[in-house]
Amino acid sequence: MGSNEVLLDVSPYARVLKDGTIERLNGTQVVPAGLDPLTGVLSKDIVICPQTGVSARLYKPNITETSQKLPLIVYYHGGAFCIASAAEPLYHNCLNMLVAEARAIAVSVNYRLAPEHPLPIAYEDSWAALEWVFGGEELDEWVKDHVDLERVFLVGDSAGANIAHHLALRVKKSDPDPKVKIAGIGMIHPYFWGKDPIGREVADSFRKSMVDTWWSFVCPSEKGSDDPLINPFIDGSPSLEGLACGKVLVLVAGEDILRDRGRLYYDELVKSNWAGSKELIETEGEDHVFHIFNPNSEKAKSLIKDLGSFINQK
C-alpha cells in the first residue's frame, strides 16, 4: 500500500492519507482583496496577530459621508472548522453582498484550521480578533475611523455561528465596564450537534454518522458529539442566560440536517431567562449554507436582506 492510501475520509471537506498528509477537498481557492465592481465594496487584508498568524479581510461599503459611524460585522466563516478562509471566493462574494446590504464595516476573520490546529484554537483565534477590534494595537483606520463600537455584531455561518455563540458567552455580563461589547449575534445555519439524534436526524442515520465524523476529526474529545463546544445543552454547558448581547437572529434551512439543532437553540433561548430580542427565520426547501453556493437566488438575497435588517434595526 502506498503513502497515498486514505486512512480517514471526512468528505466533503478533507481526507487523511497514510503518510499523515491532510488533503483538503474544498475551500482552498482564494481571491485577492480589492474593489468589487458589482457592489462598490472595498476590501483589504490585514494581520491581527503576527505571533499566531491570525488575520482578517476587512470590508468597507461605498460611503460618501466619511464622518458617518457604521455598524461593524465581525464575521466567522464556516467549513466545519477545517476548511475555507476569508479569501475563499464564495465567502468573499458573500461578504461583499452583506456589507453592501447592511452598509457596515466588516472584519472577516481567518482563524487557524483543524486538525493541524485542533479545537479550541479556532475559538482562541476568534476571540483574539474580537479583542483587537475593541482596542488592539495598531487598529486599522477603517475600524478606528468609521465604526460605532456600540453596534458590533457577531455573524457567522455553520461553524462560524457556533463560534459567535461561544464568544458571546465569554463576555462577562457582570463586568460593569466590559472591554468587549456585542450588540447582537446573527447565526446562519448554526453548527450544533449531539450524540443522541433529534428531529430528522433519527431517520437519517447516514448524515448523522457523517456529522459525527466531522466533529471527531476537528475535536478529539472523549465526550464526542456531546462536548459542550458542539452541544450547548449538555450538562456542563454554559447557560444561554449568559449571552452578552441584546438580540439574536437564528437562520435555519428546511432541508439542512442541522435544522433541528438551530430550532432547538432558538426554543431554548425563548424558554431561558435571557432578556434579549430573539428571532427565528426558516428558509423552506433549501439546504445548508445555500446562500453561499447559490448567492444570486431570490432566497439567498432574502437571507442577506434579513441579516442587513437585523443589523440596522434600532
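Predicted, not measured: the structure shown is a model, and the values here were computed from it.
Across every non-hydrogen atom of A159 and Y191, the tightest pair is N-CB, 3.6 Å. The two residues V218 and A80 have their closest heavy-atom pair at CG1-O, 3.3 Å. L229 approaches D227 most closely through the heavy-atom pair N-OD1, 2.8 Å. Nearest heavy-atom pair, V41 versus P61, reported as atom, atom and distance to 0.1 Å: CG2-CA, 4.2 Å.
A donor-acceptor pair under 3.5 Å links the side-chain atoms of W274 to the main chain of L243, judged by distance alone. Judged purely by atom type and a 3.5 angstrom limit, W215 uses its side chain to pair as donor or acceptor with the backbone of G224. Between the S43 side chain and the G34 main chain, a donor and an acceptor come within less than 3.5 Å of each other. A donor-acceptor contact shorter than 3.5 Å is absent between the side chain of N110 and the backbone of S85. In this structure a side-chain-to-backbone donor-acceptor pair under 3.5 Å is missing from K208 to D196. Using modelled atom types, no side-chain atom of E131 and backbone atom of A128 make a donor-acceptor pair closer than 3.5 Å. S126 places no side-chain N or O within 3.5 Å of a backbone atom of A164 that could act as its donor or acceptor partner. D157 places a side-chain N or O within 3.5 Å of a backbone atom of G78 that can act as its donor or acceptor partner. Without hydrogens or angle criteria, S302 side chain to K299 main chain gives no donor-acceptor distance under 3.5 Å. When atom types are taken as modelled, the side chain of S216 and the backbone of T213 share a donor-acceptor pair closer than 3.5 angstrom.
Rounding to the nearest 0.5 Å gives a distance of 6.5 Å between CG of L8 and CZ of F217.
Within 6.0 Å of the CD atom in Q29, the count of heavy atoms belonging to other residues, nucleotides or ligands does not exceed 12. Around NZ of K305, the count of heavy atoms belonging to other residues, nucleotides or ligands within 6.0 Å does not exceed 12. Applying the 6.0 Å contact sphere to NZ of K223 captures no more than 12 heavy atoms from other residues, nucleotides or ligands. Environment of NZ in K69: crowded, with over 12 heavy atoms of neighbouring residues, nucleotides or ligands closer than 6.0 Å.
A perpendicular orientation is assigned to the rings of Y13 and W214, their planes being inclined by more than 60° (bins at 30° and 60°). Ring pair Y111/F81 is tilted by interplanar angle, where 30° to 60° counts as tilted.
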Task: Steps toward side chain to side chain contact (heavy atoms under 4.5 Å, CB included) verdict (V143, V107) - done: CA-CA 9 Å; V143 178; V107 176; 4.2 Å; yes
TODO: Decide side chain to side chain contact (heavy atoms under 4.5 Å, CB included) for L95 and R57; before the verdict, give the C-alpha distance in whole Å, the side-chain angles of both, and the deciding distance to 0.1 Å.
DONE: CA-CA 10 Å; L95 264 292; R57 179 161 289 185; over 6 Å; no
Open item on the list: side-chain hydrogen bond (donor to acceptor under 3.5 Å, both in side chains) for N162 and Y76? Distances and angles first, verdict last.
Closed with: CA-CA 9 Å; N162 175 303; Y76 300 104; over 6 Å; no
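For E23, the salt bridge (charged side-chain N to carboxylate O under 4.0 Å, His left out) test picks out R15, with sequence neighbours left out. Partners of H288 by ring-ring contact (aromatic ring centres under 6.0 Å, His included), not counting sequence neighbours, listed by chain and number: H189.
Centroid-to-centroid, the aromatic rings of F153 and F310 come within less than 6.0 Å.
Under a hydrophobic-cluster definition in which Ile, Leu, Val, Met, Phe, Trp and Tyr are linked whenever side-chain heavy atoms come within less than 4.5 Å, directly or via other members, W132 and W142 are assigned to the same cluster. Linking Ile, Leu, Val, Met, Phe, Trp and Tyr residues whenever their side-chain heavy atoms come within less than 4.5 Å places V270 and V250 in a single cluster. Placement of L258 and V155 in two distinct hydrophobic clusters is found when ILVMFWY residues are connected by side-chain heavy-atom separations under 4.5 Å, directly or transitively. A single hydrophobic cluster is not seen to contain both L70 and Y75; linkage of ILVMFWY side chains at heavy-atom distances under 4.5 Å, directly or through other members, places them apart. L90 and M97 sit in two unconnected hydrophobic clusters of ILVMFWY residues. Membership requires side-chain heavy atoms under 4.5 Å apart, directly or through other members.
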Just list the side-chain donor-acceptor pairs under 3.5 Å for residues 112-121, sequence neighbours left out, or say none.
from, atom 1, to, atom 2, distance (Å)
R112, NE, D125, OD1, 3.4
R112, NE, D125, OD2, 2.9
R112, NH2, D125, OD1, 2.9
E116, OE1, R24, NH2, 2.8
E116, OE2, R24, NH1, 2.9

For residues 98-106, tabulate all N or O donor-acceptor pairs below 3.5 Å that involve a side-chain atom, not counting sequence neighbours.
none

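Within the structure, the ring-ring contact (aromatic ring centres under 6.0 Å, His included) test picks out the following pairs touching residues 30-59 (sequence neighbours left out): Y59-H92. The stretch residues 245-260 participates, sequence neighbours left out, in these salt bridge (Lys or Arg N to Asp or Glu O under 4.0 Å) pairs: R259-E282, D260-R263.
Taking a cutoff of 4.0 Å between a charged side-chain nitrogen and a carboxylate oxygen, E141 and K144 do not qualify as a salt bridge.
Proximity of L249 to L307: side-chain heavy atoms (C-beta onward) are separated by under 4.5 Å at one or more points.
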